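Whatever order the structure lists them in is the order used to number ligands and atoms, beginning at 1. No experiment lies behind these values; they were computed from the predicted model shown.
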Amino acid sequence: MLPIDDAIRTRKTVKMQVEPEMPRPTDANLRETLNELIALAGYAPFHKACDRSHRGASRVVEPWRFYVLDASACRSLIPVVTEKAERPGRIPYMLAAADALIQVTWLPNPPEEGEEPTVGGAYLPTMANQEHIAAAAAAVQTLLLAATARGLTTYWSSGGFLRSAGMFDLMGIPAEQILLGSIFIFPDDYENETWSPGGMRVRRSDADAWAEWVTVPASGA
Ligand SMILES: Cc1cc2nc3c(=O)[nH]c(=O)nc-3n(C[C@H](O)[C@H](O)[C@H](O)COP(=O)(O)O)c2cc1C
């Protein structure tokens, strides 16, 4: 297991791809590790409970939800995406390589009386919604780091076709939830297969380019 600083530094986007007709073998033993990652993600900070409308009969207050597809579910998804997506892109190739796909959603507060949804018809740009998104993103990053520490590789994707209403329906994701990311989990031996990195990786700056020390004049000065 990598120490936390090493996991932070070595985490990187790996978009591993194999031919959809010749998918990687699945490993049912990974389920325990995946459950561990998900449980760790749940330690992320969150400020406010999700709206009651998302809770149903449960008392689950977290503003995120995780929908987990193991490797064999990923393989079953390949023909569905290939047939239904207008532009499946590389998704079938990644589904053929993945150890898991985790669809992470966040739960927007519904508009209050008199408020109209203004962003994409889905949610208001309120402070509460901003904090729900931030909390769900913290949960995703925690998951990525926990995976990296265990020698797995990851890809946080916006989802493409995986965020469509049809995919929500198939996976049993309520339409009121909003996809924050489709998280692919890949093995560590990706170097022997086709893979591509994240586009922004080489554009990172040193911290002093985006962080600065603030000085505050002593009171009375
Ligand atoms: C919210 C979010 C959505 C992302 N969506 C995509 C995506 O749809 N396609 C993609 O190639 N990379 C996506 N990425 C991954 C970035 O490309 C990647 O993090 C970036 O290039 C930096 O590379 P690194 O993760 O290796 O440091 C996403 C990252 C975040 C945080």
- Message: Please check whether Gly159 reaches ligand 1 - meaning an N/O of the residue sits under 3.5 Å from an N/O of the ligand, judged on distance alone.
- Response: no
- Message: Using a 4.0 Å cut-off to any heavy atom of Lys15, which atoms of ligand 1 qualify?
- Response: 10 (C), 11 (O)
- Message: Less than 6.0 angstrom separating the ring centers of Trp64 and Phe46, yes or no?
- Response: yes
- No-hydrogen, no-angle side-chain donor-acceptor test under 3.5 Å, Gln103 and Ser182: yes
- Nearest to atom 9 (N) of ligand 1, what protein heavy atom do you find, and at what distance? Tyr155 OH, 2.9 Å
- Under a heavy-atom criterion of less than 4.0 Å, does Pro197 contact ligand 1? no
- Task: Identify whether Leu179 and Leu95 are in the same connected component of the hydrophobic contact network (ILVMFWY, side-chain heavy atoms under 4.5 Å).
- Result: yes
- Item | Gly199-ligand 1 polar pair, N/O distance under 3.5 Å | yes
- Would Gly181 count as a contact of ligand 1 if the rule is a heavy atom under 4.0 Å away? no
- Task: Answer whether the closest heavy-atom distance between the side chains of Thr33 and Asp99 falls below 4.5 Å.
- Result: no
- Report the nearest protein non-hydrogen atom to atom 23 (O) of ligand 1: residue, atom name, distance rounded to 0.1 Å. Arg201 CB, 3.5 Å
- Query: Can you tell me if CD on Glu191 sees more than 12 non-hydrogen neighbours from other groups inside 6.0 Å?
  - Reply: yes
- atom 14 (N) of ligand 1: which protein heavy atom is closest, and how many Å away? Trp156 O, 3.0 Å
- Answer whether the closest heavy-atom distance between the side chains of Leu37 and Arg150 falls below 4.5 Å. yes
- Closest to atom 5 (N) of ligand 1 among protein heavy atoms sits Ser158 OG, 2.9 Å
- Note on the structure: Numbered in order shown, the ligand 1 atoms found under 4.0 Å of a heavy atom of Arg204 are 22 (C), 24 (P), 27 (O)
- Message: Out of all atoms in ligand 1, which are within 4.0 Å of some heavy atom of Gly198? Include the element for each.
- Response: 17 (O), 21 (O)
- Query: Is the shortest heavy-atom distance from the side chain of Leu143 to the side chain of Leu40 under 4.5 Å?
  - Reply: no
- Note on the structure: For atom 18 (C) of ligand 1, the closest protein heavy atom turns out to be Thr13 OG1, 3.4 Å
- Message: I'd like to know if the side chain of Arg65 reaches the main chain of Thr105, judged simply by a donor and an acceptor atom lying under 3.5 Å from each other, with no hydrogens or angles considered.
- Response: no
- Those atoms of ligand 1 less than 4.0 Å from some heavy atom in Lys12: 26 (O)
- Tyr67 versus Gln177, side-chain donor and acceptor atoms under 3.5 Å: yes
- Nearest non-hydrogen protein atom, atom 21 (O) of ligand 1: Met200 N, 2.8 Å
